[in-house]
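To start, the structure under review is shown below, and the notes come after it.
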Amino acid sequence: MLLAGGTVVVPEIAQQGDARLTLIDIGSIAPLQTFIQADGYLQIGATVSLARIASSPEAQPRYTALAQAAATVGNPNVRSAATIGGNVAFRRPVADLPPALLALGAEVLLYGLDGLESRPVLQVITDGVPAARLITAVRIPHGSGQRSAFLKFAWRQASGQTIVNVAVALCVVGGLIAGPRLAIGGLCRHATRVLAAEQALEGRPWSDDLMEEVARIAAAQVTCDVVGPPSEAYRRRLVMAGVRRILADVAKS
Amino acid sequence: MIVEHTDLVNIALIVNGRPIEHVVPAATTLQHFLHHIMGYYDVKFGCGEGVCGACTVLLDGEAVASCLMLAAQAQGRTVITGAGLKHAATAAAQVSALQTQLVDREAFQCGYCAPGMVVKAAHYVMSDNRPDPMAIRRALSGNICRCSGYQQIVEAIVAATTGDAPLGTAKSRDDLRSKVEGTAHYPTDRQVENALVGSILWSEWPSARIQNIHTEAAAAVPGVVAVLTCRDIPGQNLTGTTIFAADQPLLVVDRVRSMGDVVALVAAHTAAAAREAVRRIQVTYEPLPAVHDVLEALAPDAPKVGSRGNVIAQFTHVKGNTEVALRQADTIVEGTFRCTMNDHACMELEGGTGWWEGEDMVLVVPSLTPHVARAGVARALKLAEERIRIVTPRMGGSFGKYLIPSVEGYLALLVQATGNPVRLVLERDEILARRVKRHPFLGQYRLGLRRDGTFMALDADVFADAGPYVSLTPTVVSVFADEIAGAYDIPTLRVRARGVLTNNLLPAPMRGYGSQQINFGIESIVEKAARTLGMDPAEIRRKNYLRTRTDGQGRPLPESQIALTGTLDRVLQRLGPRPQPPVGWLGGRGLATIKAKYGYPYGMRDRFVARVSVNSDGRFLVESDVPDSGTGITAGVTRLVADHLGLDEIPQYEVSQALIDDPSGFLIGHGHRPSRMRAMAYRFVERLQTVQAGPALAVTVRLEAWRLVKLMRLIAWPVNLLNSAVNWAKARLFPFGLDSYIPRTSGSRGMFMVGRAALNAADGLRQVALTVAASSLGLPSEQLQLTGGGVQQRSEPSHRVTWAQLVREAGGTLAALGEAHLPPGWLLDPATGNYIGSVDYMYASHGCDIAVHPETGEVQILRYVACQDVGRILNPETIRGQIIGGIAMGLGQALWENIVMDHGRVQTVGLHDYLVPTSLEIPRDIEVELLESADGLGPGGAKGVAEAAAVAAPSAMAHALYDALGRQPSHIPMTPEDIVEAMLGAKGDEEERRATGVSRQGSPPGGKGV
């Protein structure tokens, strides 16, 4: 098993102190800790801490959703250890980075014996990290003129377990919305984009009615297969409220 | 680095400036390595999942949760722990100033979270250093403090960043300083070489018969030293508090009654072997019908939880003729209200270590009642009580939990069976799923009122879920009966309070036990009445507040003030105009006024003893048998004595083994033990008194028909008389207390009882000192006076002797013993002859403004104000800390802390799921105002403090939600989902009202007129 920040793996090891497994600590591999601002994309090394992402000037303002998502994970002590690679590999409904990465159109760089390959983040959070592969970095395209926002609902502000999280990224070209991506987490095994809501946004001008309409579509269309509490109906209400708020955020920015 | 996880790895790192090389199993966490292996006891364990932050250390200057990383990951890095902050190269002076501020502002109480919190605070001061309370709260949000409510911690950090001068009290707090500097040790810190690891097999069913238990496979696991079942108990198979009943087995025999029952124990050389052995114990169960709801448990055909009926305590509180009053009332308001379970969530895990020391067994465990713990262990082990030493210098939180036995019995059995030191510490999930909780409550109310809002009658049935055993539930039920009317004067009462057995978890006292639940009940029905009548909630309260205070015998005290109106007025004044909620949010204001007991005497004559002494170095020592769970006894009592005697230095405080051995103080007072005959006679009388509760309860259990009250009165009369006669005889014949059966510090009384005893002892010491000085100086003692340094002549201060000289003169130590008594309480109900009741009360009002999001159920607390009559302010920062901490806990119980139960099984897992408030949950500036009526029973007229805030806060929050939603919360906690459901219900009603044109009772238009 790979060990980076350890915030998920270590409590499991400590709990089941007698299970046999092989641990590989990748936390000290320097190339995995880099933050690369390249032409056309931002590349974040797999073991870059969430605390660094949350406070990094590189992530602002273009990747606001990512910084916001990183800032809501766990609490400050957890964020200083937890890594972006770990959060992508952490296949639970409550993971906070996947919706933001989906909205930002991120790709995951995987290294294996046959070299480096790049896969869409959706594929990695759906199918998991393929065998004999290591996440080396997450690459986020620039998307010029793009704005984004993220919001998480949890019943406690710090160390709060995600109930629903939502993220959006879009551009505004000539007063019209272009290339919107809206992703939602917490309702099923992994975060998903809500294509129907994205279509509703595409090519339309901002209006309160539009935001309301998109929030309704998102709440109605998103797949929910986690078992409560809280109930599915309540989770969908949160989706509606959340989408409305992040759209309002993006409209303001 | 690639390792097999069981492999040993060699690690080298620098801890607090010291290079360390060590070989550890690869799976060792950094916290475990530092604490257990290297002895850095300031790196505490709280949750093991990075939520609580008790294990926070600086790793290469970054604050991390050391339970979330392996020791091997720290290879080659630099670690700084809470006790080693002076090694943080950059900012030793800043850190020292921070520590002084934290001590100065009494920022910590039990102090268990302190080392981790101080690391985080130091990290903030060294890296960010803005005096911005919100930034500080964000930085601290991964460090949970259960006691303080965070406010004084934040204030101390702000003061440290701005370089404010300290308040100047820090030098007097050695105890707190040791907590802040990480040198204070707690029961689970104690490491003994080669200690075995103990583990518990819990019941698999909430109710089942055990057909057989096979332990052979478990015993065969390599490394296992002992596997124990009920057959291996040498003495009596009994645990729990036995004041009311002896019904709780230490290890179950053939029947389990809840998921908290213990089936077997294991001791092994490693934790892994112990876990494996527990897994391999084979138990065959025959599941039996279980009952999980008090109302269902009352049904005639309900499964019987115990050996007799399910009602194990019933108290009636009758005043006047309720039926007539209800008939005359203009309006009758009805309501049913519930409180669900809460976990104490003490930051320190439950458990400790035990070992033999020669003939004696030493048990380092958390306990607020060392005598009870010791008696229980002695009984089970068939050992003399004197051979068992319970050592509890301090503990990482209690909040009432450790008033009843914890795991010391299991630990002792394992130590005795193996002859080895044993460490038995429960895991967080065991504590959540198996151990004691706050009493769940159900109250059904009918309140009759006049049109003008005057209360006329209260008819109420209230219940405590007692879980599977009697334990202390009768006292909680008696509190229900006693405090049923809250802060209000209700001319007629007809109240029946019952404790009902179920197959849920065993409950235990928790901060404001009984009072919190019952005040939530009465406050809820009063709030509903206000809104039903369209009255201002403040107005209806003012109109009905109690106007007289009564003493311990229920007699009115004409000269004393009652601070109810005063507290409410101050709260309203401080709250000022209603704040504007954010756009799209609903505003709500909640007010609550409470009356809650302190100094709970259990219906018996109660006596506390303390000793004050000075040694040949002139150092003062205060001793008692009460351990400090963070309520400020250590600081408060020593400061009282210093003030009283005018000392220059604050005395030390110690929990005295001699006083635990002999809580009556007889031994210390007389220099010899009471004669055997005398002690036996005393025990006999004690027994006589405690068993009285039994028949009295049996009588009340059968009290179903109200008309029988007169007859019952007659029946109870002899019991009543006997009780008084025994009390009278005891007080005269025996100079001891009844303390060995009574929880010591319950009901906020620790400080004020020990304080009074200590003052009494200080008076004694003053007399002794004057007498010795008189002979030394050759002057009459009337001409002498005490000064900080010793005794001097009033008219000629140069004629003086120092304390050290006095001690030499006296030929040893100068000491005096003091005592304090409580009256035995008052007659709760003439029909039962039960004297069990409180002797005095705390009064407080709270108010809050909140904003609620109608769609998501999110709650923002905009303002929070509390005003309490504390009698006399002994130490403002301690009192403020206790009140803010109580509010934090109360708000947690109103909104976040939810033990989800499914048929007796707890579904809540870990501290990521049981939501203890973090620094971001608690409102930023809780305003606390203190009133001094100076007529409490404590030293100088002080009252108990700690519990009142926890009692009031849930009601204030519930009323604010009611105000915002137009719909009353019928239970706490109210989760966001509950709030949305209530909201939808209110909307439904509104639509219905619009459609039908009929107004619903309970949401009048004038309801918002606070």
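Each chain gets a letter, A, B and so on, in the order its sequence line appears, and its residues count up from 1.
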Of all the heavy-atom pairs spanning [X] and [Y], show the shortest one and how long it is.
X	Y	answer
B/Lys120	A/Pro76	NZ-CB, 3.7 Å
A/Arg156	B/Val916	NH1-O, 2.7 Å
B/Cys67	A/Val10	O-CG1, 3.4 Å
A/Trp155	B/Trp896	O-CD1, 3.2 Å

Which atoms of [X] approach chain A - backbone, side chain, both or neither, heavy atom under 4.5 Å:
X	result
B/Thr975	side chain
B/Val980	side chain
B/Ala65	both
B/Thr56	side chain
B/Leu140	neither

Fill in the blank from the handout: side-chain contact (heavy atoms from CB on, under 4.5 Å) test vs B/Leu68 passes for just one of A/Asn77, A/Val9, A/Val78, namely A/Val78
Problem - Contact class of A/Ala154 relative to chain B, heavy atoms under 4.5 angstrom - result: neither
Practice task
Against chain B, label A/Arg245 side chain, backbone, both or neither, depending on which of its atoms sit under 4.5 Å from a heavy atom there.
Solution key: side chain
[X] side chain to [Y] backbone, donor-acceptor under 3.5 Å:
X	Y	value
A/Asn75	B/Asn143	no
A/Gln161	B/Asp913	no
B/Gln73	A/Ala4	yes

Problem - Greater than 12 external heavy atoms within 6.0 Å of A/Arg216's CZ - result: no
Handout entry: Greater than 12 external heavy atoms within 6.0 Å of B/Asp60's CG
Key = yes
Exercise for the section: Answer with yes or no whether the side chains of A/Ser231 and B/Glu977 bring together a donor and an acceptor at under 3.5 Å. Expected result: yes
Problem - Note, A/Asp25 side chain near B/Leu70 side chain (heavy atom, < 4.5 Å) - result: no
Practice task
Between chain A and each of B/His853, B/His123, B/Glu62, B/Gln907, count heavy-atom pairs under 4.5 Å; write down the option with the most.
Solution key: B/His853
Exercise for the section: Select, from B/Cys52, B/Gly48, B/Gly53, B/Gly142, the one with the greatest count of heavy-atom pairs under 4.5 Å involving chain A. Expected result: B/Gly142
Practice task
Check the pair A/Val94, B/His912 against side chain to side chain contact (heavy atoms under 4.5 Å, CB included), reporting the backbone distance first and the verdict last.
Solution key: CA-CA 12 Å; A/Val94 298; B/His912 72 273; over 6 Å; no
Handout entry: Spacing of A/Leu238 atom CG and B/Glu855 atom CD [to the nearest 0.5 Å]
Key = 8.5 Å
Exercise for the section: Name the option with the most non-hydrogen atom pairs under 4.5 Å to chain B; the candidates are A/Ser159, A/Ala233, A/Gly242. Expected result: A/Ser159
